[in-house]
Structures are given as structure tokens and as C-alpha cells.
Participant: 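Below is a structure I'd like to ask you about.
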4 protein chains.
Amino acid sequence: MTVSKVAKPRQGRPRSAKVHRAILETALRQVAAVGFRAVSVESIAAEAGVGKPTIYRRWPNKAAVVMDAFLMKLEPGTVFPTKERAIDSLRLQMLSQVKAFRGDFGSLIKALLGEAQFDPEMADAFRERWIMPRRRKLRTVIEEAMRQGDLRKDIDPELAMDMLYAPIYYRLQIRSGPLSESFVNGLLEQARKGLGP
Amino acid sequence: MTVSKVAKPRQGRPRSAKVHRAILETALRQVAAVGFRAVSVESIAAEAGVGKPTIYRRWPNKAAVVMDAFLMKLEPGTVFPTKERAIDSLRLQMLSQVKAFRGDFGSLIKALLGEAQFDPEMADAFRERWIMPRRRKLRTVIEEAMRQGDLRKDIDPELAMDMLYAPIYYRLQIRSGPLSESFVNGLLEQARKGLGP
Amino acid sequence: MTVSKVAKPRQGRPRSAKVHRAILETALRQVAAVGFRAVSVESIAAEAGVGKPTIYRRWPNKAAVVMDAFLMKLEPGTVFPTKERAIDSLRLQMLSQVKAFRGDFGSLIKALLGEAQFDPEMADAFRERWIMPRRRKLRTVIEEAMRQGDLRKDIDPELAMDMLYAPIYYRLQIRSGPLSESFVNGLLEQARKGLGP
Amino acid sequence: MTVSKVAKPRQGRPRSAKVHRAILETALRQVAAVGFRAVSVESIAAEAGVGKPTIYRRWPNKAAVVMDAFLMKLEPGTVFPTKERAIDSLRLQMLSQVKAFRGDFGSLIKALLGEAQFDPEMADAFRERWIMPRRRKLRTVIEEAMRQGDLRKDIDPELAMDMLYAPIYYRLQIRSGPLSESFVNGLLEQARKGLGP
DNA sequence: GGCTAAGCGAGACGGTACGTCTAGTCTTGGG
DNA sequence: CCCAAGACTAGACGTACCGTCTCGCTTAGCC
């Protein structure tokens, strides 16, 4: 699943892969440089040395381009840190995520998630291509931790992920508190111990 | 703290409160009718029978107008449901919030929170005028529940709020699962019991 | 020489001649209907079924559009009435000009000449495309009359034209007297006889 | 005849003459500094330390203010140069006028005359307060020259004035040639000798 | 090797909204 | 009733992008 449109397969001149890459790279560079709002399809086209229709032939709007650029950049770097005990992997993953969220990557996520609130297709793409793959991987980690006895056997992994990860996105967006390591550690500890007596 | 600009206090014709109200009410009506994106400063001005400069004199952009309209509507209706046991008040509050989030109010929150990702002032206003007052009230409820023995005495209330409320915003935005009553109940139960063995 | 901007010659979609005509015709129609001041670029765009930027891509402002519309209308109709004796052609030309100046054409000239007082480019266009072609034609007529013995051989044709035509523009603008036939005849006679004894 | 409105004579606080002067002087200063078009009622009010309604109470629009300012400045300096022979006075007057027209005064006249093409009241004021007084004075000079034998006895003074002065305004506006002394001398000579054989 | 269908860069097109400006009027509080 | 200040409605300004279209030109793949 991508946000980009597909071409009818066999007829006429094929779409240029070079152009495709140039667009996505330019999009990413511009978003990093001036922010999502200040970027326009026009500015991408101009800098990439590409006609506007060439972009619109492939994506329905700016957000979709940036989303694809974001996803393209992700695919390689999707390595989850792993430890012997799954619970440690979990903590490590959370820590690396908040660290990433504190930088440019956080800004990009904010913009895409913000934009997704106005565009269902963007929201779908964001969920299916960024959120869900991570949750699936996370689920195996959590289940492993359950087997290893570090998490209770009767918990609902979906709710567990919500409890642990939603606060990270919440702080990214709302800035109600710092995205610090101690925040992650505190959150994980308190979630394990539980709030009840 | 508001998003609107301030007038120099005592000179010239004072700003009309009637006009102020007309703008905010129109803004809210239009957002409800056609969605945030489809509303423009121009359309608000036209329907409110007001010149555009009158709006720009008071707010820097559309988002700020809608934010203020939203906040204006809030102020009266800020009644938290209360029960004898604080833990029940907490559950009730969470339930009423997800219920509200499932309707127009949820759309509005999504739009404002989405927009806030691109505008720090919007983000500040959203946090200080919508999020924080609720968290302050929530904190007293949580502390009461701690006193009443329904929550452990050594928990961090900030983290507790993050664990319980962030997932609600997360599902509102990402649609990773339903904003149902059973979601709230499960979340609260699992948070109380804890994830650890 | 035109007031309109030039397009880079051979690249991209060429500018539509149909659109060009539609704009100029609409401009002329509106000026005739409601007067120069009451016309706006916006109203022209709206009635011509054209986007505002399409107009601004070609002309820098309303006055330039109207000027070009005026000049466009001129080109075909530039027939000077001619008689056997050049002096009669001269009188005929003056008479037909004051007649035209008494109607809508006079209003248009007034508006353009008025506007030209505030915009050097407008003034240049008005002079080079309306005034000068007429003066060049006029000069040949005057020189012919000199050869035919109806005007003295040692006059300065430039000054002669100023003496005969400036009063027409003067009365058009200042309304110090009527733009009547007897005005033209009296002017021409008195200019021939001279003011001196 | 002025362009300014009159106050109902005896009631309430009388209008301040100081304010009146301040407005006119500011108007003139601004027109000289940045040109007629760039001046607005607002800018005059602001610099003169005066409320906009105070201006609108006295004049209907910017042009009227500037016209009055112009006329106010005139009144003192309306001295016509005089020589023993009326024909010399005439030449002198024409020379001093073209000299004045070459400077800031010419720009002001251009602006007022240009503006008058769009506003009949302006046109009336310009004619009645600037043009006509000069023509009346001029007429006596011309009649004196007729008596003194330097101009023919049977000429029409109105047409004579048009022949001599219209070209000056014409060149001011159209720039078809320089407003030089030789221009004036040539014009006057040729008008005296006549164009005919 | 020529044909043909699509892709390509460029840029014009109809629109929409932006945020600013000025016009001319209205409303304060204070002479 | 005047004044300074400044808010008011109204609407044009000129600009920025949107997403589509139309040029003339590649550039494959298929006959």
C-alpha cells in the first residue's frame, strides 16, 4: 500500500524512476528545510526540475508526496533493537523512539499526523504503513515477554501497546511534558506495577 | 490566555462585543457544517456580515478564530461528572469523553489538534486552555482515589493521566481501534492491575 | 509597443488568443457601461470568465488593460478622411475628431489621458500608439498643404499641430468651451490668418 | 468657490482653523514628497495628527483636499508679470508658466488635472479656481495688446488663448516635446504670423 | 525502422483564498 | 457641535497555490 497512483502497465513511454526519486528526495529536503506548510507542489516541482503534472500523475496532493517520501526513507532503517529478554527490547524500542521524536523525525511525524487529521487517505496510509507494521512487531515482542514471564499472561496486547505508546505521541503533539528517558522508564515501570493497590 | 489579539485599552471606538460573538458563532457553525478545511476567513466574514479586516484585527488566521470559538463554547459546559468514589468519577469522565469524541466534537478536536501541529501558538492555546484545565481537575480526582485506597499511594499522577487519556487521543487520531465503552473499561482495568506479573 | 507583458516565446502552453480578446472586449464593454473608475480587474475577470492571475500575467494593472483594449479597437478604424486639397482634409480630420470626442470615445480618451498622468508607461503607450501615429499622418497632410500653397512654406509643422490640436484636448479636459464645429472652424481660420496685424 | 464643505454657522464648538491649515499643509507636503497617488486621506490624517472624520467633515475626498491645498498656496503668489507693451506681458506670462510647469508645480497640475478627468466637481473647481481667473486676466492683456496694435482687432480672444495656452498643457501631459523657452517663443511668433500664406 | 502511445518540462488556465489597503461612516470619551 | 482615536462594512488589490490543460518534445515497445 502506497499513497501514489499506479500507471496502466504496458503502453507508451514508461514512467521514469529517476524522476520519481528526484521528487521524493526534493520533497523530503524541502520539508526538513522550511517545514511542511511552507512546501508546495509547485516548489517541489521547481526544485526537482519537474513539471507539475508529472507529480500529479503520481500523487493526489502534497501530503501524499511527503508521506511517500517519509515511507521511502523508513523502509531501510526499520531495525528494531533486540535484547535477550523481550521486556528489555520493549524498553529499548520505546527509548529509541522518543529519542527520534525529539529531532527532525519528530517534526515530520507531527506534520504528517497533523495533516492526516484532514485527509482520510493520509490517515489510512499513516496507520497502515507506519503505525501498524510497528504494532505487529511490537505484538510479538509483548507476547514473547508474556512467555518469558515478564508480563502477565492475561493482558490484552492491544491495550498494552496503547498504554505504552500513545503517551509518547501525546507528548509529541501536546507538549504536556518532556519526551525524556526518565519519562519512558517511569511509564513502563508504572504500567507494569499497575495503578491499583 | 486566548489566541485573539489585544486592543490598546482606552482610545477610539471600542471593539464591538456583538461583532466578536457573531464571528465566533459563525465560525463554529460553519466548521460543524462543512468541516475545518472548507471554512475560510472570507466565508466567515461574509456570513457574519463583517469585513475581513475586522477578523484580522482580532485573530491572525482562521485556526485562531476557530480555536477561540471552540474555547468560548467550552467554558460554560465544563462540568465533570462526579461519583462518591473518585475511581468511579474517573471512569465516568473517560466514558463521557470518548462518547463526545465519537461525534462532531471529536472532529473539532481532531481539526484543532491537527492544526496545532503547524502553529506553536495554536498548540499552546490548545494545551493551556483545553488540556491543562482538565488535567488539573483530573489530578484532584486521582489524588482523591489514592486517598480512598482505589489507587496506589506511590503512583505518579502525571504518568497515570498519560496512560489513561493519551490512548483516547491516539485512537481518535489514528483509528487503530474503536473509541468504545469496552475500550475505556478494559484500559482502566488493565492499568489498575498492571502489565507485570 | 504595447502595455501588455511579453511571454517567453516557445515554452509551455502558449497564451490563449481567445482569452486575450475576451479580456480586452470585456474591459471595453465595462468601461463604456459604467466608466473607468467603476471597473476593476476583478469585475473584468469575472465577466470575461477568466481568473485574475490570467489578467495580471499579461498586464500590470487595470489601466494597462483598458489602454490595450482601446488601442486594439483603434487599429482597424484608423482611416483619415481625405480631400483633394490638403487643407480641407485637415479641417475634416479636426471636425471628425471633435465629433468623436463629444461621445463615449471622448470619455475613454479622458480616462486614459487622466490615468496616464499617474503612470509613465501608460503615458508612453498613449503617446506612441495614439498620439504619434496621428501626428505623423498629420504632418504629411500639412506638408502637402504647404506645397499646395494653402499654408505658408516656412511654418514649423510641429507647432502648427500643437496650435490646432492641443485646444481640442484642452476643451475636452477642461470644458472651458464647447467642442463644436464652429469652434474648429474658428480655430482653423484664426490660426491661418494669424493673431498679429 | 471652494471644494470644501461648509459648516452650519452657529452651533456647538466651532471648527478649528489651525486644524484646517494643518490638514492642507500636510496634504501638500505629502503630495510633493511621494506623489498624489501614494497619498491617502488616512496618511494625511495620521501625519497631521487629526482624525479621519475631521477631514471628511470638510472635504468629500482626497482630491478635494489636495485641490484646496493647491488653491490655498496659489492665492498669494498670483502675480502676473507686466511690461509696458501688453504683448510682452503675454510672452512673459507664458514663459513663467512653462518654467513653473517644468518643476514640482507641473507635477501637481498634472495630478490634479488627471484626477479631474474622473470627478466633475474636481474638474469644476480646477476650471473655476485655477483656469478661469487666469483667462480673465489674460483676456484684459490680450485686449490691451489689440488696442496697442500688436494683435489684430478682429480676433476672438477665447480662441487666441486656446491657441497659445492649450499647447502648454498638451506638452505637459503628453510630452510630445519640451516645455522650453524656444517652444513658447516659436509658438507665439507662429501664432502672430499665422499659418496661411 | 517507423509508429504510436504515454511520459516529459514548461507554463497557461479557471479558481479560491489569502492578508493588506483604503474608502467613507460610526462610536467612543472628552472639550 | 467639535475633536482624536480607532473600529466598522465594503470591496479591490495583487499574490500564492491548487489541480487541470495544452504545447512540442522525447522515449520506449511493438509491429
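Predicted model, so just to flag it, every value in this text is computed and none were measured. Because only heavy atoms are used, hydrogens play no part in the values below, and waters and symmetry mates are left out as well, while side chains stay in. The chains referred to below are lettered A, B, ... by the order of the sequence lines, with proteins before strands, and numbering in each begins at 1.
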Participant: Has the side chain of D:K52 got a donor or acceptor that lies under 3.5 Å from a partner of the other kind on the base of E:dG24?
Facilitator: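 Answer yes: a donor N or O sits under 3.5 Å from an acceptor.
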
Participant: Could you go through the side chain to side chain contact (heavy atoms under 4.5 Å, CB included) check for B:I23 and B:D68 one step at a time?
Facilitator: CA-CA 10 Å; B:I23 293 168; B:D68 258 15; over 6 Å; no

Participant: In this structure, how many angstroms lie between the C1' atom of F:dC13 and the CG atom of C:D119, rounded?
Facilitator: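 Taking atom C1' of F:dC13 as the reference, CG of C:D119 is at 16 Å.
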
Participant: Once you round it to whole Å, what is the distance between P of E:dC18 and CZ of B:R57?
Facilitator: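 Between P of E:dC18 and CZ of B:R57: 17 Å.
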
Participant: Restricting to ring pair (Phe, Tyr, Trp, His ring centres under 6.0 Å), what partner residues turn up for D:Y56, sequence neighbours left out?
Facilitator: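 Partners of D:Y56 by the ring pair (Phe, Tyr, Trp, His ring centres under 6.0 Å) criterion come out as none, since no residue qualifies.
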
Participant: Choose from E:dT22, E:dG15, E:dG9 the nucleotide whose nearest atom is closest to any side-chain atom of A:V19.
Facilitator: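 Closest of the options to the side chain of A:V19: E:dG9.
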
Participant: From the options F:dT22, F:dC3, E:dC13, select the nucleotide whose nearest atom is closest to the side chain of D:R58.
Facilitator: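 Closest of the options to the side chain of D:R58: F:dC3.
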
Participant: The criterion is side-chain contact (heavy atoms from CB on, under 4.5 Å); which residues satisfy it with C:R57, sequence neighbours excluded?
Facilitator: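 Scan of C:R57 (side-chain contact (heavy atoms from CB on, under 4.5 Å), adjacent residues dropped) gives C:R15, C:P53, C:T54.
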
Participant: Roughly, in whole Å, what's the span from NE2 in B:H20 to P in F:dC8?
Facilitator: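 To the nearest whole Å, that distance equals 10 Å.
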
Participant: Take the protein atom CH2 of C:W59 and the nucleotide atom P of F:dG14, then report the distance between them rounded to whole Å.
Facilitator: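 Between P of F:dG14 and CH2 of C:W59: 14 Å.
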
Participant: Decide yes or no, distance alone: a donor-acceptor N/O pair under 3.5 angstrom between the base of F:dC8 and the side-chain of B:R13.
Facilitator: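 Flag unset: no donor-acceptor pair detected.
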
Participant: Name every residue in residues 22-48 of chain A that has at least one heavy atom under 4.0 Å from any atom of DNA chain F, in order of residue number, or write none if there are no such residues.
Facilitator: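 Nucleic-acid contacts, sorted: A:S40, A:V41, A:E42.
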
Participant: Is there any ring-ring contact (aromatic ring centres under 6.0 Å, His included) pair reaching into residues 23-47 of chain D, and which pairs are they, with sequence neighbours excluded?
Facilitator: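 ring-ring contact (aromatic ring centres under 6.0 Å, His included) check on residues 23-47 of chain D returns C:F118-D:F36.
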
Participant: With the side chain of B:R15 defined as its heavy atoms from C-beta on, choose the nearest nucleotide among E:dC8, F:dA7, E:dG11.
Facilitator: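 Closest nucleotide to the B:R15 side chain: F:dA7.
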
Participant: Please report the distance, rounded to the nearest Å, between CD1 in B:I55 and P in F:dG11.
Facilitator: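 Interatomic distance, CD1 of B:I55 to P of F:dG11: 15 Å.
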
Participant: Applying side-chain contact (heavy atoms from CB on, under 4.5 Å), can you list everything that pairs with A:K110, at least two apart in sequence or on another chain?
Facilitator: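 Partners of A:K110 under the side-chain contact (heavy atoms from CB on, under 4.5 Å) test: A:L172, A:R175, B:Q117.
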
Participant: State which residues pass side-chain contact (heavy atoms from CB on, under 4.5 Å) with B:P60; sequence neighbours excluded, sorted by chain then number.
Facilitator: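 If we apply the side-chain contact (heavy atoms from CB on, under 4.5 Å) test to B:P60, skipping adjacent residues, the hits are B:K5, B:A64.
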
Participant: Between the side chains of B:E47 and B:R29, is the shortest nitrogen-to-carboxylate-oxygen separation below 4.0 Å, so that they form an ion pair?
Facilitator: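 Answer for the salt bridge query: yes.
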
Participant: To the nearest angstrom, how far is C:K62 atom NZ from F:dA12 atom P?
Facilitator: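 Distance check: C:K62 NZ to F:dA12 P gives 10 Å.
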
Participant: Given that A:P53 and B:S16 both sit by DNA chain F, which one's nearest nucleotide is further toward the 5' end?
Facilitator: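 Of the two residues, B:S16 wins.
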
Participant: Relative to the 5' end of DNA chain E, which residue comes earlier, A:V50 or D:Y56, by the nucleotide with the nearest heavy atom?
Facilitator: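 The answer here is A:V50.
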
Participant: Return the value, rounded to whole Å, for the distance between atom CD of C:Q11 and atom C1' of E:dC8.
Facilitator: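 Taking CD of C:Q11 and C1' of E:dC8, I get 12 Å after rounding.
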
